[in-house]
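Please read the structure below before turning to the comments.
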Amino acid sequence: MRDRTATKDLIERTALKLFAEKGVKETTIRDIAAVAGIAEGTLYRHYDSKDELSSRLFISNYIALGAELQRIEEKENTSQDKIEAMIRYFCVVYEKDSDMFNYLFLTRHNHIQKLTPRLPNPYLVFRRVIRLGMSRGEIPKQDADVAASMVMGVVLQVIDSRLLSGRIQRSISGLADQIARGAWKVLQ
């Protein structure tokens with residue numbers, strides 16, 4: 001018999017993979033249980049519903065990504081270094097855990113409203129760095145929300161072009177420097 005934590009981890013990794021591949025709506029509890037090799041009832045011992053599982057997966061992973069971006073930006077001195085380091089991290093995360101990344105950014109519209117401004121998340125970290133850069137004179141004055149959206153859009157559009165259309169064949173991490181430089185130029 002698996003211990004409770006190991007079973008929960010198995011459920012979450014399996015659900016994450018299936019949600020990223022098939023979509024949340026198209027994935028059933030039965031699918032998750034079958035791929036995980038557990039009974040459907042076992043899943044319900046950990047989560048009340050597929051929606052609860054989906055929501056918890058999103059929130060915990062999105063916050064963890066935001067917290068890591070905060071740690072990265074705190075290590076860098078200039079706004080440019082902060083933004084470029086965070087984008088490089090995004091690219092590495094995509095390559096290391098594309099299921100998690102795809103799930104977060106392909107389903108974010110379903111869960112983003114559940115986040116509070118006090119919880120770390122990638123968008124708020126980018127916006128804070130941009131605001132700081134504007135106050136230091138490193139970034140021209142502009143709407144910080146629009147600027148953060150544009151910077152994240154640079155990254156996400158490249159990933160979408162690889163994931164959804166297959167137009168980009170190179171690894172995202174191999175494009176990290178080019179993407180980071182492009183995102184910085186957007187702010188100028």
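We're numbering straight along the sequence, starting at 1.
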- Query: Going from OG on Ser60 to CG on Leu65, what distance comes out if it is rounded to the nearest 0.5 angstrom?
  - Reply: 11.5 Å
- Tyr47 backbone acceptor or donor facing Glu52 side chain under 3.5 Å: no
- Task: Flag yes if Trp184 and Val92 sit in one hydrophobic cluster, no otherwise; membership is Ile, Leu, Val, Met, Phe, Trp, Tyr, and two members link when side-chain heavy atoms are under 4.5 Å apart.
- Result: no
- Message: I'd like to know if the side chain of Glu74 pairs up with that of Gln70 as donor and acceptor (distance under 3.5 Å, no hydrogens or angles considered).
- Response: no
- Same hydrophobic cluster for Phe58 and Ile29, using side-chain heavy-atom links shorter than 4.5 Å among ILVMFWY? yes
- Message: Heavy-atom count check: over 12 atoms from other residues, nucleotides or ligands less than 6.0 Å from Lys25 NZ?
- Response: no
- Message: For Ala144, is there any backbone N or O sitting under 3.5 Å from a side-chain donor or acceptor partner on Arg131?
- Response: no
- Query: Backbone N or O of Gln157 within a donor-acceptor pair of the Ser161 side chain at under 3.5 Å?
  - Reply: yes
- In plain terms, say whether Glu73 and Lys82 are close enough for a salt bridge, that is, a side-chain N and a carboxylate O under 4.0 Å apart. yes
- Item | Sidechain-backbone polar pair: Lys8 side chain, His46 backbone, donor-acceptor under 3.5 Å | no
- Item | Salt bridge flag under 4.0 Å for residues Lys75 and Asp81 | no
- Message: Using only atom types and a distance under 3.5 Å, with no angle test, would you say the side chain of Glu138 pairs donor to acceptor with the backbone of Thr78?
- Response: no
- Query: Does the Ser135 side chain pair with the main chain of Leu132, one donor and one acceptor, at a distance under 3.5 Å?
  - Reply: yes
- Item | Pairing of Glu40 and Arg30 as salt bridge, 4.0 angstrom limit | yes
- Query: Would a hydrophobic clustering, with Ile, Leu, Val, Met, Phe, Trp and Tyr connected at side-chain separations under 4.5 Å, put Leu124 with Val146?
  - Reply: yes
- Any sub-3.5 Å donor-acceptor pair from Lys50's side-chain atoms to Thr27's backbone N or O? yes
- Query: Going by atom types alone, do Thr28 and Asp31 pair a side-chain donor with an acceptor below 3.5 Å?
  - Reply: yes
- Are any of the side-chain nitrogens in Asp97 or Arg13 under 4.0 Å away from the carboxylate oxygens of its partner? yes
- Task: Consider only side-chain N and O atoms of Tyr94 and Ser171, and report whether a donor and an acceptor are under 3.5 Å apart.
- Result: no
- Specify the closest pair of heavy atoms between Ile32 and Ile11, including all atoms of both residues, with the distance to one decimal. CG2-O, 4.2 Å
- Query: Is the backbone N or O of Ile139 less than 3.5 Å from a side-chain atom of Gln188, with the two atoms forming a donor-acceptor pair by type?
  - Reply: no
- Message: Tell me if a side-chain donor or acceptor on Tyr103 pairs with a main-chain N or O of Ser54 at a distance below 3.5 Å.
- Response: yes
